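Here's the structure we're looking at; comments come further down.
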Amino acid sequence: MAPPSVIFAGSHPIALPLLQRLYDRHQTGQLRLAGIISQPDRLSGRGKSMTPTILSQWAMEHNISLHRPEKPDESTVTWLKERSCKLLLVMAYGHMIGKTIRELPPLGIFNFHASLLPRFRGATPIEAALASGIEETGVTLMKIIREMDAGDTLGSISAPIAFHDTQTELTDKLSHAACSLCESFLPQLLSGNIICIPQPNEGISFCRKLEASDRFLDFHIPAEVLHRRIRALTPRPGCVFEIGNHVFKIRSIDLDPSGFHSKTPGTLLKLTGSNAALVAGDGKALLLKEIQAPGKPFLPIADFLRGHELPWGMISTSHPMKPLEHTSFPF
RNA sequence: CGCAGGGUGGAGCAGUCUGGUAGCUCGUCAGGCUCAUAACCUGAAGGUCCUAGGUUCAAAUCCUAGCCCUGCAC
């Protein structure tokens, strides 16, 4: 019997290892990777040229059929039928998928979601998990239904959040967790003998999309919370502090263990050696490890201070910060 | 041709507008001081000022073209 035809939908780089894993199975004949759905090319990068998603690029390099609709629509239905799609797998695709398409593949449609559901449903589970302060998150494999990230789950795999993890590190862990998860459940998925359970009604939460204003910080909150928030938003969109007309982007920070400062929250402190810190709401400080001036590269703070002056003692502007996690939907 | 900033010894920057001896904070090396040090003192090495043309008595600086880097946006 010919291997089942599988279509993969994804846009974000986090899904690339999973796609590669599916391709490995394709080459060993366990399945047939019949095509990839990704978001359309966007104007991006310097020069604003049309740039395909990383998964689109991968598809072109591996000569896999590629479909890039603005949103999944009738053309997508046709495209799936042409490839006699038996199973549709999704990770970080970026669009809701309508009923017609959901009901098309005989083996079903499943999503790899980067959280331990039912917590952190929605667009930014990695960021929200980092900001929340929990020490463990994961990837969940679930059926796709009408309601966002609410389908019955087949299983999940967890990954620890280390104290210094940013999006980069955590995304990498979850990216590979998704591979393991796929490994465990691919036989079930391909056979159609699915064992899944409903998500609990307790512990549901949602995370919103990020917006440009999320880069700003409120220094009235405790250092530990700020530390998590900054790691959650690094490198994208990246957090900044602004003093007067100067804006500095933060790439890397640490909690200053040296104690308490009775200074206004947001005060920029010059510490011994080539160290700089920002005072938070609880009097603890955040060590600046790596920052960036406009139009300049990121620099370790010691290097930065060799060529730049910082407005010592001045106070960074605080902006209210919208929560990343919500207990109800819509927000 | 989306907008904007930048490229100067090993690192980070000033100097460019107004052309005229390559400068600052560090690092490196040598010596000194010190119980000692990432501290201090003295000295030294280290440069195609991104590239290629042009203007000029003279270009890091002005003109033209190109390469590379960074931010905005998604």
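Keep in mind that this is a model prediction, so the values were computed, not measured. Lettering of chains follows the sequences in order, A, B, ..., and the numbering in each one begins at 1.
- The 12-atom threshold is not exceeded at NE2 of A:H246, counting heavy atoms of other residues, nucleotides or ligands nearer than 6.0 Å.
- Across the strands present, B:rA14 finds no partner; the criterion is a Watson-Crick or G-U wobble pair with both atom distances under 3.5 angstrom.
- Taking atom P in both B:rU51 and B:rU61, one finds a spacing of 10 Å when rounded to whole Å.
- A:G45 comes within contact range of at least one nucleobase, with a heavy-atom separation under 4.0 Å.
- As the counterpart of B:rA58, no nucleotide is assigned, since no Watson-Crick or G-U wobble pattern has both distances under 3.5 Å.
- Straight-line distance from the OH atom of A:Y93 to the C1' atom of B:rC74: 16 Å, rounded to whole Å.
- Nucleotide B:rC72 holds its P atom 16 Å from the CG atom of A:L43, rounded to whole Å.
- The A:K48 side chain lies nearest to B:rA73 when the options are B:rA73, B:rC72, B:rC74.
- Each of A:S49 and A:R251 lies near RNA chain B, and the nucleotide nearest A:S49 is the one positioned closer to the 5' end.
- A:D214 pairs with exactly one of A:K209, A:K322, A:R229, A:R236 by the salt bridge (charged side-chain N to carboxylate O under 4.0 Å, His left out) rule, that one being A:R229.
- In a base pair of the Watson-Crick type (N1 to N3 plus N6-O4 or O6-N4) or a G-U wobble (N1-O2 and O6-N3), with each distance short of 3.5 Å, B:rU64 is matched with B:rA52.
- For the P atoms, the distance linking B:rG10 with B:rU28 amounts to 15 Å, nearest Å.
- As a whole-Å value, the separation of A:N245 CG from B:rG5 C1' is 16 Å.
- Each of A:L299 and A:L287 belongs to its own hydrophobic cluster when Ile, Leu, Val, Met, Phe, Trp and Tyr are linked at side-chain heavy-atom distances under 4.5 angstrom.
- Minimum heavy-atom separation, A:G192 to A:L107: CA-CD2, 3.7 Å.
- Remark: B:rU37 base-pairs with no nucleotide in the shown strands. Criterion, Watson-Crick or G-U wobble with two distances under 3.5 Å.
- Nucleotides B:rA58 and B:rU21, compared at atom P, are 15 Å apart to the nearest Å.
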Protein-nucleic acid N or O pairs under 3.5 Å, nucleotides 6-8 of chain B:
none

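- Distance A:I291 CD1 to B:rG12 P: 14 Å, rounded to the nearest Å.
- If you take CZ of A:R42 and C1' of B:rG2, they are 17 Å apart, rounded to a whole angstrom.
- Look at the C1' atom in both B:rA59 and B:rU18: the space between them is 14 Å, to the nearest Å.
- B:rU37 and B:rG43 have their P atoms separated by 22 Å, with the value rounded to a whole Å.
- At the phosphate of B:rA4, neither OP1 nor OP2 sits under 4.0 Å from any side-chain N or O atom of A:R46.
- Base pairing of B:rA4 is made with B:rU70, judged by Watson-Crick or G-U wobble geometry with both donor-acceptor distances under 3.5 Å.
- Of all nucleotides present, only B:rG43 satisfies the Watson-Crick or G-U wobble test against B:rC29, with each distance under 3.5 Å.
- If you chain together hydrophobic residues whose side chains sit under 4.5 Å apart, A:I253 and A:L324 never meet in one group.
- The gap from the C1' atom of B:rA60 to that of B:rC50 amounts to 12 Å, rounded to the nearest Å.
- Of all the residues in residues 299-310 of chain A, A:L299, A:D303, A:F304, A:R306, A:G307, A:H308 reach under 4.0 Å from RNA chain B with at least one non-hydrogen atom.
- Taking atom C1' in both B:rU25 and B:rA14, the straight-line distance is 11 Å, to the nearest Å.
- Side chains of A:D256 and A:N275 form no contact here, defined as non-hydrogen atoms less than 4.5 Å apart.
- For A:R236 against B:rC74, a side-chain-to-base donor-acceptor contact under 3.5 Å is present.
- Taking the six-membered ring for Trp and thresholds of 30 and 60 degrees, A:H227 and A:F163 have ring planes inclined between 30 and 60 degrees apart.
- Between B:rU55 and B:rG47, the distance separating the two P atoms is 30 Å to the nearest Å.
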Practice prompt. Report the C-alpha distance between A:E290 and A:D303 in whole Å, list the side-chain angles of each, state the deciding distance to 0.1 Å, and finish with yes or no for side-chain contact (heavy atoms from CB on, under 4.5 Å).
Written response: CA-CA 9 Å; A:E290 214 176 336; A:D303 288 346; over 6 Å; no
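- Considering A:L226, A:V225, A:I230 in turn, A:V225 is the only one that fulfils the side chain to side chain contact (heavy atoms under 4.5 Å, CB included) rule with A:R228.
- What separates CZ of A:R215 from P of B:rG71 is a distance of 11 Å, to the nearest Å.
- The side-chain heavy atoms of A:I64 and A:Y23, taken from C-beta on, include a pair separated by under 4.5 Å.
- Within a 6.0 Å radius of CD in A:E211, other residues, nucleotides and ligands contribute more than 12 heavy atoms.
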